[in-house]
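The structure appears below as structure tokens.
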There are 2 protein chains.
Amino acid sequence: MDKPAGRRPTVKDVARLAGVSQGTVSNALSGARAVETETRQRINQAIAALGYVPNLAARRMRTGRTNTIAVMTSMPAAVSAGSSRLGFLMEIAASAAIHALDYNSALVLVPPVADPAVALRHVAMDGAIVIEPQQDDPFLSLLETRGIPVVVIGQPAGTGLPWVDMHYERTADLLLSHLLERGARRIALIIGASSRVSHAVTRECYDRRMSLAGIPPCVIPVPEQEGEDGAYRATRDLLQQVPGIDAIFAPVDAFATGAMRALRDAGRAVPGEVRVVTRYDGLRAREERPSLTAVDLHLEQVAGLATGLLMDLIAGKEIPARTEGPLPSLVIRGSSQG
Amino acid sequence: MDKPAGRRPTVKDVARLAGVSQGTVSNALSGARAVETETRQRINQAIAALGYVPNLAARRMRTGRTNTIAVMTSMPAAVSAGSSRLGFLMEIAASAAIHALDYNSALVLVPPVADPAVALRHVAMDGAIVIEPQQDDPFLSLLETRGIPVVVIGQPAGTGLPWVDMHYERTADLLLSHLLERGARRIALIIGASSRVSHAVTRECYDRRMSLAGIPPCVIPVPEQEGEDGAYRATRDLLQQVPGIDAIFAPVDAFATGAMRALRDAGRAVPGEVRVVTRYDGLRAREERPSLTAVDLHLEQVAGLATGLLMDLIAGKEIPARTEGPLPSLVIRGSSQG
DNA sequence: CTGAAAGCGCTTACAG
DNA sequence: CTGAAAGCGCTTACAG
């Protein structure tokens, strides 16, 4: 092993040992141009002998490609922190990391911190997957400024970005139908107050279903930043003002656990007196007692789809504005049984 | 905005617009050398006017630093896949990503796939956090070959790598004491068959405690690859051969759920006839019915510690061989109550 | 405090 | 099929 001591070997070292030029080593590695079998063997031997590993920074600078994609969300910490919303982000990130491998790419995790500009300052990427952006999402504008290809998971507001449809409407419909079938007659909706498409679509669906069923709507917007406590207070007030409530639909899981706590404190039995359902089937839904009826969003598949689309976009291919995600499926649990 | 059309602006463009040299722009950005206030202002104006964003690949190539750390684990998919073990990895990754930001670094997620060499091929990093490596861990040898600084979470086998102590012994002790206090007299240990330090330490602790309590040990090794099903079969056989078993300690959560299923199928009540405890307090433990008594490992803190140590190591500072992690705390749930 | 220039390690036209 | 050379966009000695 005549490794040049101290210094990491470069193409130059490999070329010298194999008796060829740098360019030929590069071509043997990338396959960009054909290299004679015998030459290639000499090169491979030299690579093995030296323990050569390409300098990715140099390659990236030269090609202008980073072979990296990023995953990010701008959900505020009150909802996204801890194991709850984070679970949502993480399920997607893990799946995207595995799929990125098929495209010779790595996945960087952009942490959900207060300042998106700071979070992005030190990450280079060929493209980004943005999870459920809000209107005027800070990540989206930063990425647009930099001209970075984006695929949205959820549904983008206004922007013309390509997206994977997570079926907000169908999800709301699934949960509301379930409540109505179980005999709920006074269903309250506890919804995020921010301008997120998921909230708007869910609310429209709710209004329509209530109107069809001849049930007076009861919508309680809660600021996302207030998280579980906000939903707790909202539910406590609701139970006093509308004592007849027999079901609560809280799509944000942090809101659902807040509602559950308020119900417990008010002595209302779940599901006996009040049924509760939420959207994301994560730690919060499963850990609650009784555990919460929710929806399997098939996030692994969603992430796989989004990754493939993003890679096509980066490669300059045409991709559809909207891509159908897997259909959500109801997961019935104790909070709405019986 | 006299942005050079099509091309992304570079230091050169900024320098020209500000009427200074490239070097001065660089110094103004990095703070490596002092720059006169008035000059700095002109530079900042130029940066804003052009929308200049540094080319990280060029910077990395020049400095030799990637400002990236990676998180990885070599746990086989049968145990690590899905929401279970993945949760463990993800809790650490999320926390490490946030802490990395304090060191101007990004975090890449190395996906747990069959071939570690493939998983690492396209990621450049200054250092790595390796989670609970096994003996002759493939990631560890790859990283060593490349001379990449490593901090281990858990406990390394043999290697002299710095590590954050997750208190395997104390964790086992906590759970076994709990079972003994609740009156368990015939405690079986279902443990991973691979050469992982956590398994060895747990087993030693178990042997010692059983010996002290005058209880005949009953250890059932299950290959990690067999996952939940392996533990199911092992438990089924165990219940036939040793009918008097009144407690099961299954540190791997996938094994614990396998044991729970076997107990249900055998008609044994949990916790009435058999108590069950596991280690990682993740989705599996919480979702099980009854939910499983487990241990809060304070993974966010552990990850924060590991990230700080790794950054020091990268910076060339001396770091201790072993760093005390937060103490585990018992989370008592239905599977061992009453 | 600032400038001019070298060079990090690759890949890719350009010749042959 | 192969080589010699240019150049990607930074940072950092080296001068002044």
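Naming convention: chains lettered A, B, ... in sequence-line order (proteins, then strands); numbering from 1 in each chain.
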[X] has an atom [atom1]; how far is it from atom [atom2] of [N], in whole Å?
X       : N      : atom1 : atom2 : value
B:Gln22 : C:dT2  : CD    : P     : 16 Å
B:Arg7  : D:dG9  : CZ    : C1'   : 10 Å
A:Ile47 : C:dG9  : CD1   : C1'   : 14 Å
B:Asn27 : D:dC10 : CG    : P     : 14 Å
B:Arg33 : D:dA15 : CZ    : C1'   : 11 Å
A:Arg60 : C:dC10 : CZ    : P     : 13 Å
B:Lys12 : D:dT11 : NZ    : P     : 15 Å
B:Leu29 : D:dC10 : CG    : C1'   : 11 Å

Item to check | B:Thr24, B:Ile47, B:Ile43 screened by side chain to side chain contact (heavy atoms under 4.5 Å, CB included) with B:Leu29, the one that passes | outcome: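 Of B:Thr24, B:Ile47, B:Ile43, side chain to side chain contact (heavy atoms under 4.5 Å, CB included) with B:Leu29 is met by B:Ile47 alone.
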Next on the checklist: Heavy atoms within less than 4.0 Å of DNA chain C: which residues of residues 61-68 of chain A have one? Give them sorted by number.
Outcome noted: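 Contacting residues: A:Met61, A:Arg62, A:Thr63.
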Phosphate oxygens OP1/OP2 of [N]: is one of them under 4.0 Å from a side-chain N or O of [X]?
X       : N     : answer
B:Ser21 : C:dA4 : no
A:Thr10 : C:dG9 : no
A:Thr39 : D:dT2 : yes

Kindly point out which of [options] is positioned nearest to the side chain of [X]?
X       : options                : value
B:Val11 : C:dG9, D:dC10, D:dC1   : D:dC10
B:Tyr52 : C:dC10, D:dC10, D:dT12 : D:dC10
B:Ala34 : C:dG3, C:dT12, C:dC1   : C:dC1
A:Glu36 : C:dT11, D:dT11, D:dT2  : D:dT2

Keeping the roles fixed (side chain from [X], backbone from [Y]), state whether a donor-acceptor pair exists under 3.5 Å.
X        : Y        : result
B:Thr145 : B:Leu143 : no
A:Arg196 : A:Gln135 : no
A:Thr307 : A:Leu305 : no
A:Asp126 : A:Asn67  : yes
B:Arg8   : B:Pro54  : yes
B:Ser95  : B:Ile92  : no

Next on the checklist: Between A:Thr24 and B:Pro54, which residue's closest nucleotide on DNA chain D lies nearer the 5′ terminus?
Outcome noted: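 Whichever sits nearer the 5' end wins; that is A:Thr24.
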Checklist entry - Given Watson-Crick or G-U pairs with both distances under 3.5 Å, what dot-bracket string fits DNA chain C, with | for other-strand pairs and [ ] for crossing? => result |||.||||||||.|||
Item to check | A:Glu324 with A:Arg322: basic N within carboxylate O range, under 4.0 Å | outcome: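 A salt bridge links A:Glu324 with A:Arg322.
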Next on the checklist: Check B:Arg42 with B:Glu38, please: is the shortest side-chain N to carboxylate O separation under 4.0 Å?
Outcome noted: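 A salt bridge links B:Glu38 with B:Arg42.
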Next on the checklist: With a sphere of 6.0 Å drawn around CG of A:Asp136, does it hold more than 12 non-hydrogen atoms of other residues, nucleotides or ligands?
Outcome noted: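 It does not: A:Asp136 CG has 12 such atoms or fewer within range.
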